[in-house]
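Chain identifiers are assigned alphabetically (A, B, ...) following the order of the sequence lines, protein sequences preceding nucleic acid strands; residue numbering begins at 1 within each chain.
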Amino acid sequence: MSEERSLNFIEEIVEEDLQSGKHGGRVLTRFPPEPNGYLHIGHAKSICLNFGLAHKYGGNTNLRFDDTNPTKEDVEYVDSIKEDVKWLGFDWAAELYASDYFDTLYDFAVSLIKKELAYVDDSTAEEIAAQKGTPTEPGTPNQYRSRSVEENLQMFADMKAGKYPDGAKVLRAKVDLASPNMQLRDPLMYRIKHAHHHRTGDKWCIYPMYDFAHGQSDAIEEITHSICTLEFIPHRPLYDWFIEQLDIFPSKQYEFARLNLNYTVMSKRKLLQLVEDKHVEDWDDPRMPTISGLRRRGYTPASIRDFCERIGVAKRENMIDVSLLEFCIREDLNKTAWRRMAVLDPIKLVITNYPAGKTENLFSENNPEVEGGEGGRELPFSNELWIERDDFMEEPPKKFFRLGVGLMVRLKSAYIIKCESFTKDEQGNVKEIQCAYIPESKSGHDTSGINVKGTIHWVSVPHAQTAEVRLYDRLFRVEDPSNEDGDFKEYLNPESLHVIPDAYIEADLTNAIPGKGYQFIRKGYFTLDKHSIAGKLVFNRTVTLKDGWVKK
RNA sequence: UGCCCGAUAGUAUAAAGGUAGUACGACGGUUUUUGGUACCGUUUGUCUAGGUUCGAAUCCUGGUCGGGCAACCA
């Protein structure tokens with residue numbers, strides 16, 4: 001029972017409940033997505049909260065699909081949600097659907113009609129809206145509000161039987177048309193939708209609204225702590241009202257502030273637009289803040305869980321810096337990713353005093369962060385190498401610890417070299433760099449006594465393989481695209497994807513394992529994209545390395 | 001204009017009437033065969049005006065600012 005971190009406000013509530021013996025010490029939470037889109041990092045916060053809370057206090061969590069609106073939902077989304085929750089590392093106690101309760105919910109509605117707490121309203125949507133009044137003016141009752149129990153019962157049954165077209169009638173709760181809380185002004189409980197449901201098929205043509213499904217589902221499952229986001233605060237009195245009138249299990253609702261991340265958007269509606277308008281490849285485009293996008297980008301479940309832990313849980317609106325997410329994945333990958341070498345923007349380097357045609361196999365460890373290096377691989381070395389174009393400067397400034405005529409660097413896991421000269425092509429671009437190597441400076445057996453400041457990565461020209469490398473930048477140019485004038489899509493970053501069709505990679509990288517993270521030394525963390533095939537590998541850059549070098 | 005929620009360094013998040021702390025960021029340094037990692041250090045904060053109290057980030061009142069609520073969405 002070591003208490004490293006102080007409790008968040010929801011944990012405090014749970015601990016109080018546990019101490020007072022509420023629910024016999026039982027904790028049951030639920031994660032209740034609507035299957036109308038893919039899960040994103042904001043959902044990850046909710047998942048970690050709900051599952052984490054239950055796990056911490058010896059309870060369980062249900063996965064419940066809030067599938068009360070058949071026109072927006074699909075099994076494709078159900079499947080992706082299950083996959084994403086599992087991938088994040090969580091197991092649900094039961095896989096449930098609000099649609100499992102449609103019969104019970106119908107009976108609940110009938111019982112409210114009998115208690116004169118619900119009525120069938122024939123008004124149009126516009127009329128109902130008008131009759132609700134405004135925040136400063138009370139609503140006004142219409143003639144349908146005083147219908148008899150018998151008539152309501154009959155009409156509600158007829159609604160269910162399909163006797164009316166969409167929109168002809170709704171069932172409303174009779175609460176308080178003058179309430180200062182708009183949610184209480186006789187909210188809708190059921191609407192008519194002659195639509196095919198992905199689970200119940202054509203059995204129903206009336207569907208319960210969120211407010212008459214969510215709390216009831218919580219009660220049916222005997223959820224002890226129903227955790228949702230801030231915008232549902234005004235719904236809480238209604239949540240409690242239905243439960244009280246129905247006299248069912250007293251689940252309680254608690255609200256926390258949803259996650260906002262800068263330089264992206266987080267609403268399913270907007271993410272769907274990006275997919276439909278082809279601004280991104282799909283829901284799992286590596287630039288998307290979706291769980292599947294982050295997975296494809298190379299994020300690990302542990303890094304996302306760590307992120308959710310670090311951002312905390314409170315009731316204050318927040319905007320989290322993506323740099324924190326990046327910190328979390330770097331921290332994870334630094335410990336686990338195997339080091340490899342790849343040259344993204346190549347320039348040729350020739351070692352003038354190394355025999356042409358000779359190949360030497362050097363050794364380089366997989367992971368310097370682990371004792372023993374987790375083994376290693378052979379690195380073929382020759383007199384012609386690819387190095388990074390920006391590791392050479394014609395006129396290097398003082399603090400430039402790389403190549404320039406007269407400067408020395410170490411080639412990672414190989415030799416120290418000294419730059420002697422360079423040649424240019426007709427356009428005046430540097431074409432080739434000539435260096436001499438120091439034979440006594442071989443990595444691991446260095447007797448040269450020479451100390452160099454810089455070490456650069458390289459790939460042997462005759463042994464190099466090629467791969468497509470995709471570099472990503474933030475999806476939007478502004479911190480909060482939803483808050484800018486005009487359409488949020490105007491603020492997309494036109495340079496969010498940079499494709500390098502044929503980068504040079506070291507030979508061993510052709511054995512790269514899908515799903516594993518690799519650090520391309522000095523270039524960042526990369527992972528194989530799902531579109532990779534043998535002979536045509538594609539790597540996604542998950543994140544750059546932190547760059548401490550300040551250019552001036 | 002009504003009701004509801006909130007306000008602590010740049011960003012988040014602690015401190016339950018008693019020393020404002022932590023993480024990320026930024027900045028500086030040490031180490032380093034990755035300008036990475038690791039380690040060390042520095043920096044910046046209680047929205048405002050009153051009140052209660054020996055003592056207020058915390059309790060009370062007014063104000064300011066931000067967010068939410070008037071979908072047959074969730």
Looking across every strand, which nucleic acid part, if any, lies under 4.0 Å from A:Gln519 by heavy atom: base, sugar-phosphate, or nothing? base
Which nucleotide wins on minimum distance to the side chain of A:Met319, given the candidates B:G35, B:A12, B:C24? B:A12
Measure distances between side-chain N and O atoms of A:Ser443 and base N and O atoms of B:U33, and say whether any donor-acceptor pair falls under 3.5 Å. yes
Remember a base hit wins even if backbone is also touched, and classify A:Lys546 as base, sugar-phosphate or nothing at under 4.0 Å, heavy atoms. sugar-phosphate
Has the side chain of A:Arg310 got a donor or acceptor that lies under 3.5 Å from a partner of the other kind on the base of B:U13? no
A:Asp66-A:Tyr97 side chain donor-acceptor pair, cut-off 3.5 Å: no
Indicate, with yes or no, if the rings of A:Phe381 and A:Tyr415 have centres closer together than 6.0 Å. yes
Could you state the interatomic distance from OG1 (A:Thr140) to CZ (A:Arg185), rounded to the nearest 0.5 Å? 9.5 Å
Would you say A:Lys412 reaches B:U32's phosphate, i.e. side-chain N/O to OP1/OP2 under 4.0 Å? no
Closest-nucleotide ordering on RNA chain B, the 5'-leading residue of A:Asn334 and A:Glu12: A:Glu12
Can you sort out which residues in residues 65-76 of chain A have a heavy atom within less than 4.0 Å of RNA chain B? Ascending by number, please. A:Asp66, A:Thr68, A:Asn69, A:Lys72
Taking CD from A:Glu479 and C1' from B:A12, how many angstroms apart are they, rounded to a whole number? 13 Å
Report the nucleotide, chosen from B:U33, B:C72, B:A14, that has the shortest atom-to-atom distance to any side-chain atom of A:Ala125. B:C72
Any donor-acceptor pair under 3.5 Å linking the side-chain atoms of A:Asn366 with those of A:Arg340? yes
Gap in Å between the two P atoms, one belonging to B:U31 and one to B:C24, rounded: 23 Å
Starting from P on B:A14, measure out to NZ on A:Lys315 and report it in whole angstrom. 13 Å
Would you classify A:Thr229 as touching base, sugar-phosphate or nothing, given that sugar-phosphate means primed atoms plus P, OP1 and OP2, and contacts are heavy atoms under 4.0 Å? nothing
For a ring pair (Phe, Tyr, Trp, His ring centres under 6.0 Å) check, start with the C-alpha distance between A:Tyr263 and A:Phe476, then their side-chain angles and the critical distance, and finish with the verdict. CA-CA 5 Å; A:Tyr263 299 104; A:Phe476 289 89; 9.3 Å; no
Nearest to side-chain heavy atoms of A:Trp549, which nucleotide of B:U33, B:G35, B:G25: B:G35
With no angle test and no hydrogens, is the base of B:G6 tied to the side chain of A:Glu255 by a donor-acceptor pair under 3.5 Å? no
N/O donor-acceptor pair, side chain A:Arg330 with base B:G36, under 3.5 angstrom: no
For A:Leu188, answer base if it contacts any base atom (sugar-phosphate contacts may also be present), sugar-phosphate if it contacts only those atoms, and nothing otherwise; contact means non-hydrogen atoms under 4.0 Å. base
Which nucleotide in the list B:A12, B:A71, B:U34 gets nearest to the side chain of A:Ala129? B:A71
Would you indicate what A:Gly167 reaches in the nucleic acid, counting non-hydrogen atoms under 4.0 angstrom: base, sugar-phosphate, or nothing? base
Just checking A:Gly444: base, sugar-phosphate only, or nothing, at a heavy-atom cut-off of under 4.0 Å? base
Value in whole Å for how far the P atom of B:A74 lies from CZ of A:Arg64: 13 Å
Can you tell which of B:U33, B:A70, B:C72 lies closest to the side chain of A:Thr455? B:U33
Take atom P in B:A23 and the same atom in B:A14, then report the distance between them in whole Å. 15 Å
Roughly how far apart, to the nearest Å, are B:A49 and B:G36 at atom P? 44 Å
Determine the contact category for A:Ile311: base if any of its heavy atoms lies under 4.0 Å from a base atom, sugar-phosphate if only primed atoms, P, OP1 or OP2 are that close, otherwise nothing. sugar-phosphate
Are the aromatic rings of A:Trp338 and A:Tyr518 close, with centres under 6.0 Å apart? no
Measure from the side-chain heavy atoms of A:Phe327 and tell me the nearest of B:A74, B:A12, B:C24. B:C24
Which is true for A:Ile233 with a 4.0 Å heavy-atom rule: it touches a base, it touches only sugar-phosphate, or it touches nothing? sugar-phosphate
Side chain of A:Asp547 only, heavy atoms from C-beta on: which candidate in B:C73, B:G35, B:A12 is closest? B:G35
Can you tell me how far P in B:U19 sits from the matching atom in B:U58, rounded to whole Å? 14 Å
Counting distance alone, no hydrogens or angles: does the base of B:U1 have a donor or acceptor under 3.5 Å from a partner atom on the side chain of A:Glu137? no
Which of A:Asp122, A:Asp121, A:Ile113 passes side chain to side chain contact (heavy atoms under 4.5 Å, CB included) with A:Arg147? It is A:Asp122
Please classify the nucleic acid contact of A:Glu369 as base, sugar-phosphate, or nothing, using heavy-atom distances under 4.0 Å. base
Reading 5' to 3' and counting Watson-Crick or G-U wobble pairs with both distances under 3.5 Å, write the dot-bracket notation for RNA chain B, | for bases paired outside the strand. .((((((..((((....[..)))).(((((.......)))))....(((((..]....))))))))))).....
Rounding to a whole Å, what distance do you find between A:Asn367:CG and B:A38:P? 13 Å
Could you check whether A:Phe400 gets within reach of a base, just the sugar-phosphate, or nothing at all, counting any heavy atom under 4.0 Å? base
With a 4.0 Å cut-off on heavy atoms, is A:His457 in touch with a base, just the backbone sugar-phosphate, or nothing at all? nothing
At less than 4.0 Å, is any side-chain N or O atom of A:Arg191 found next to OP1 or OP2 of B:A74? Yes or no. yes
If we count only N and O atoms by modelled type, under 3.5 Å, do the side chains of A:Glu360 and A:Tyr354 hold a donor and an acceptor together? yes
Proximity to the side chain of A:Leu324 - top-ranked nucleotide from B:U34, B:C5, B:C24: B:C24
I'd like the P distance from B:C59 over to B:G6, given in whole Å. 11 Å
Of A:Pro180 and A:Ala314, the one whose nearest nucleotide on RNA chain B sits closer to the 5' end is A:Pro180
Select base, sugar-phosphate, or nothing to describe what A:Pro368 touches, counting heavy atoms under 4.0 Å on all strands. base
Output for pair (A:Ile206 CD1, A:Phe102 CZ), nearest 0.5 Å, gives 9.5 Å
Using the P atom as the reference point in each nucleotide, state the distance between B:U43 and B:A20 in Å, no decimals. 16 Å
What I want to check is whether an N or O donor and acceptor connect the side chain of A:Arg522 with the base of B:U34 at under 3.5 Å. no
Distance check needed: B:U13 P versus A:Asp306 CG, whole Å only. 16 Å
Atom CE of A:Met209 to atom C1' of B:A70: distance rounded to whole Å? 14 Å
How far, in whole Å, is B:G21 from B:C4 if one measures between their P atoms? 36 Å
Testing A:Asn142, A:Asp186, A:Asn152 one by one against A:Tyr119 for a side chain to side chain donor-acceptor pair (under 3.5 Å), which residue passes? A:Asp186
Using a 4.0 Å heavy-atom cut-off, does A:Val313 contact any base of the nucleic acid, only the sugar-phosphate backbone, or nothing at all? sugar-phosphate
Does the separation of the ring centres of A:His225 and A:Tyr254 fall below 6.0 angstrom? yes
Could you check whether A:Tyr190 gets within reach of a base, just the sugar-phosphate, or nothing at all, counting any heavy atom under 4.0 Å? nothing
Spacing of the P atoms in B:A57 and B:G18 (rounded, Å): 10 Å
